[in-house]
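Have a look at the structure below, then the notes.
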Protein chains: 2
Amino acid sequence: MASGGNIGRPGRPRSGDGRLSKKVILEAALRIVDRDGIEAMTMRRLASALGVNPMSIYHHLPNKAAVLSGLVEVVFSQLQVAAPADGASWQDQLKDAARAYRRVLRTHPNLALQIVSDTAAVSDVLVIAGEPFYQALAQTGLPPRSIVESVDVVVDFIHGFMLGEASSTSETFDLGPDLLKRVRDLPAGKAPALTRVAEALGESGFRYEFDSGFESGLNVLVRGIEAGI
Amino acid sequence: MASGGNIGRPGRPRSGDGRLSKKVILEAALRIVDRDGIEAMTMRRLASALGVNPMSIYHHLPNKAAVLSGLVEVVFSQLQVAAPADGASWQDQLKDAARAYRRVLRTHPNLALQIVSDTAAVSDVLVIAGEPFYQALAQTGLPPRSIVESVDVVVDFIHGFMLGEASSTSETFDLGPDLLKRVRDLPAGKAPALTRVAEALGESGFRYEFDSGFESGLNVLVRGIEAGI
DNA sequence: ACCTGAACACCGTTCAAGT
DNA sequence: ACCTGAACACCGTTCAAGT
């Protein structure tokens, strides 16, 4: 189904029949990025994954940058926010929009850096991806300018958060023991406030949970927006 | 001064005398990144900027990744927050810490992506860079766990913000006309809330100012943290 | 100890040629 | 119109050799 009426190995067009297209190229590229990381996505490896000459790709996409931008578009087009439950508060709608956005980025962690930094490619789709955020904030009664600023701070937070999350592998990022040790090795009095917090939390307390970290960030943001109304 | 008792062209050791060192290598690398961007920083170009064989660098730094991580450390070591004015509220201290952090990243915009994504290199210096944030939040009376979460949301916001700012060049990012056009080209009813905001602001209203965007983000965050006390 | 030259296994992309 | 092969100007890094 992925490549038309193809009876060969699934998902991989038999060389000769399944004509190359932007769509199949980007699908193959995304597969490489997801499996082996962004640095593995070279034009030559992409071509060989497609069973094709490296130069063939250039008939459908002008260069490597266009392939990567194309991937950003593909991923963003997958973003779907469930229509908000009718009775939901704007606070909950805003949080749902943020969670949906995070969910999409998490599906392709190896692409996160590209997504978050390829502003050109993003802004093409952002007018659609951003709608749920505007939808939620429209109900606050805030002036348009404040709505834009509120969306920005939420999106910036998500981007920053995703960078941290994407560069880690496990669900929980265990910097407890490591951080505690580093803090203790510090010249005395160099970072007293951090030291006090670290000692109070102890080893286990510093274990970072991405899910709860994300939620607590959302809480701060929502309350901050509320306070500005 | 940059390279010891050197009488040759300033800042550039005469080949032969000024022995290579991690320090001079990183200084040259940072110059390349600042001037020509991160992708221009190749081992071969770095070597030629130093007037040296490409392989010589490997005697002081194990590989290219180490050069880039080294740059992150160099930049972070420049971070200095002025000691807080004695009467300053924790809110103002937190904002000052954030502004100082942004200021450092802005000094090397071409390195922003690397800084924000090289978590390993960052965390080495973060125990020191983070202190002003902990200092400020210690005065809130929040429990240690909440302090950590508050620092995280602020830092994540700054990181996300910096990505947007670094990938733009001018002070003000003028997506007004462009965005308005794109919104109007949208299938009707596809993004009503965004459309309403965009029309209300008009072309000029959408002109994005990074400085005021950053400040309004800080305000939301500070008020959100206040509300959690 | 520090530096080098030649070499290897890659890159992205141009260009002229094939069907 | 689409695909290809050979070639160009690069990469990062290893290894053996020089001082």
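Sequence lines set the chain letters: A, B, ... in the order given, protein chains first and strands last, and positions in each chain run from 1. Quick note: numbers below take in every heavy atom, side chains included, and nothing from hydrogens, waters or symmetry partners.
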Going by heavy atoms in the side chains, are A/Leu111 and A/Gln114 under 4.5 Å from each other?
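Result yes, sub-4.5 Å side-chain heavy-atom pair found.
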Select base, sugar-phosphate, or nothing to describe what B/Thr42 touches, counting heavy atoms under 4.0 Å on all strands.
sugar-phosphate
Tell me what B/Met55 touches on the nucleic acid: a base, only sugar-phosphate, or nothing, going by heavy atoms under 4.0 Å.
base
Tell me: [atom1] of [X] to [atom2] of [N], nearest whole Å?
X       : N      : atom1 : atom2 : result
B/Ile25 : C/dC2  : CD1   : P     : 11 Å
B/Leu46 : D/dT13 : CG    : P     : 12 Å
B/Leu61 : C/dC3  : CG    : C1'   : 15 Å
B/Tyr58 : D/dC15 : OH    : P     : 13 Å
A/Leu50 : D/dC3  : CG    : P     : 11 Å
B/Asn53 : C/dC3  : CG    : P     : 10 Å
B/Ile38 : D/dC11 : CD1   : C1'   : 16 Å
A/Leu20 : D/dT4  : CG    : P     : 8 Å

Is there a side-chain contact between B/Ser56 and the phosphate of C/dC2, meaning an N or O under 4.0 Å from OP1 or OP2?
no
Once you round to the nearest 0.5 Å, how far does CG of B/Leu221 lie from CZ of A/Phe157?
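The CG atom of B/Leu221 sits 9.0 Å away from the CZ atom of A/Phe157.
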Approximate separation, where rounding is to 0.5 Å, of B/Leu71 CG and B/Asn110 CG
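Here the interatomic distance stands at 11.5 Å.
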Any donor-acceptor pair under 3.5 Å between the side chain of B/His59 and the base of C/dC3?
yes
Under a 3.5 Å limit for both distances, which nucleotide forms a Watson-Crick or G-U wobble pair with C/dA6, could you say?
D/dT14
Cation over ring face, A/Arg99 and A/Phe214, 6.0 Å, 45°:
no
B/His159-B/Tyr101 aromatic ring centre distance below 6.0 Å:
yes
Starting from the 5' end of DNA chain C, give me the residue, A/Ala40 or A/Pro62, whose nearest nucleotide shows up first.
A/Ala40
For A/Arg44 and A/His60, find the nucleotide of DNA chain D closest to each by heavy atoms; which residue's nucleotide sits nearer the 5' end?
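Whichever sits nearer the 5' end wins; that is A/His60.
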